Amino acid sequence: MTARRKRLAAEGQEWEQLKIQMQAMKQDDIAWREGRAAVYVFYAGEDVLHVAQEAYTLFMSENGLGMARAFPSLRQMEEEVLDIALDLLHGGEEAVGNMTSGGTESIFMAVKTARDWARVHRPSATQPEILLPYSAHPAFDKAAHYLNLTIHRVPVGADFRADVSAMAAAISKQTIMIVGSAPCFPYGVMDPIADLSSLAQARDLWLHVDACVGGFIAPFVRQIGYPVPDFDFTLPGVCSMSADLHKYGFAAKGASTVLYRSEDLRHYQPFSCSDWPNGTMTTPTFAGTRPGGAIAAAWAVLHYLGVAGYQEKARAMMQTRDALTSGIEAIDGLHVWGKPDLGLIAYGSHELDIAAVGDGLRAAGWFVVQTQHPKGLHLMLTPAHAPIVDAYLRDVATAVARVRQGSLMSSEAEVRYS
Ligand SMILES: *Cc1c(COP(=O)(O)O)cnc(C)c1O
């Protein structure tokens, strides 16, 4: 055993003391409340946070595993959360879904379900393959890795959106599933889901739309008047979707949804085991024990904000996006990549070392997320960023000026997202 390994204290300590220690531990964390980071935390204000916290603690001990018999409260909340999700994303009468712990689990379940569907409907695919736009989230690679499937990433077009003809050309006998993002995380652009839907129908493939980051905000962005292309179950080729409550749904972490066009498709999702001492155990998703708090917090925040609340958050996010985008474009040498549809953007330069600009921003106290292809800086905006637009743009301009003078060089570190 190493000398550094922490051991459990012999005697318990007072909570008040522990709480002080824990609060002190936060001092080096990123200052998300102050808008210093545009990643990881979706902050919609103290009131929303308070609702999520109270609702979470109210159901913190309850277990979603037992909702069918022991916790009708959780069952009702989960059903209502799913009703709301399916309504927002135009699921028809037949559409169904489940709550999961996050986007990664939602995607895992959709991939597993598509794989098992394909075993019945595409038996000729003996080494099944999934086609992804290059911009799709690594959760698909992770699912494929666990599920013994092959991933094929297809380069995106010049507009950073999925290149549907290149994807069509990449379809083989082994292809079982194609994916589009709404929007993709790296550039914030929506893939042409309508075209992917037609392709999926023409070739009898499972189309999953990854709306993890957009699913709970895009409907409201459209309602307040911004153009948002069709991306959901309105399109007949969409078989499944993932939409995270713990992102722009502003719920507590540990909450997402995986949605299916019909029960016929979801049929391949649950897992059941009876050959053990306690009898049949059937779980709809990956998890066994499921935190009641995550379900409760999602239910509470959806009801607390309502359509009007989400529209207000969407407006704050989009106005911030517009201000930042035009501010960045106004700085000589910088360009926003593509035409972002929601509040995620990436920007870079054809002439300047953008990683060095990122270093300058980091030195000025901003938490910086980079992209590698093309090299850029990434922002996922929330209402928390409305107050920082001017300060951020000033620091970008300063960093750019220093890079031009040659007084700021890139550290050339590996680009990492986590
Ligand atoms: C965040 C995200 C995921 C993964 O979700 P987690 O909740 O982090 O597991 C998948 N796809 C997209 C587009 C995302 O933004």
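Whatever order the structure lists them in is the order used to number ligands and atoms, beginning at 1. These figures come from a predicted structure and were not determined experimentally. Sequential numbering from 1 along the given sequence is applied to the chain's residues.
- Counting heavy atoms closer than 4.0 Å to ligand 1, residue H246 contributes side-chain atoms (C-beta onward) but none from N, CA, C or O.
- With respect to atom 1 (C) of ligand 1, the closest heavy atom belonging to the protein is K247 NZ, 1.3 Å.
- Among residue pairs with one or both ends in residues 140-150, those qualifying as side chain to side chain donor-acceptor pair (under 3.5 Å) are D141-R153; sequence neighbours excluded.
- With no hydrogens or angles considered, no side-chain donor-acceptor pair links H137 and S181 at under 3.5 Å.
- For residues 41-56, the set of pairs meeting the side chain to side chain donor-acceptor pair (under 3.5 Å) definition, not counting sequence neighbours, comprises R33-E46, Y43-E46, D47-Y304.
- The atoms of ligand 1 that sit less than 4.0 Å from any heavy atom of F185 are 15 (O).
- Between V156 and V189, every side-chain heavy-atom pair lies at or beyond the 4.5 Å cut-off.
- Set against the non-hydrogen atoms of C212, the atoms of ligand 1 under 4.0 Å away are 2 (C), 3 (C), 10 (C), 11 (N), 12 (C), 14 (C).
- For CD of Q201, the number of neighbouring non-hydrogen atoms (other residues, nucleotides, ligands) closer than 6.0 Å is greater than 12.
- Ranking the protein heavy atoms by distance from atom 10 (C) of ligand 1 puts H137 CG, 3.3 Å first.
- A 4.5 Å side-chain heavy-atom check between E80 and Q76 finds at least one atom pair inside the cut-off.
- With a 4.5 Å cut-off on side-chain heavy atoms, T113 and H208 do not count as touching.
- Within the 4.0 Å heavy-atom criterion, the part of D210 lying near ligand 1 is the side chain and not the backbone.
- In this structure, atom 6 (P) of ligand 1 lies nearest to the protein heavy atom G103 N, 3.4 Å.
- Nearest to atom 9 (O) of ligand 1 among the protein's heavy atoms is T104 OG1, 2.5 Å.
- Each of the following atoms of ligand 1 lies closer than 4.0 Å to a heavy atom of G102: 7 (O).
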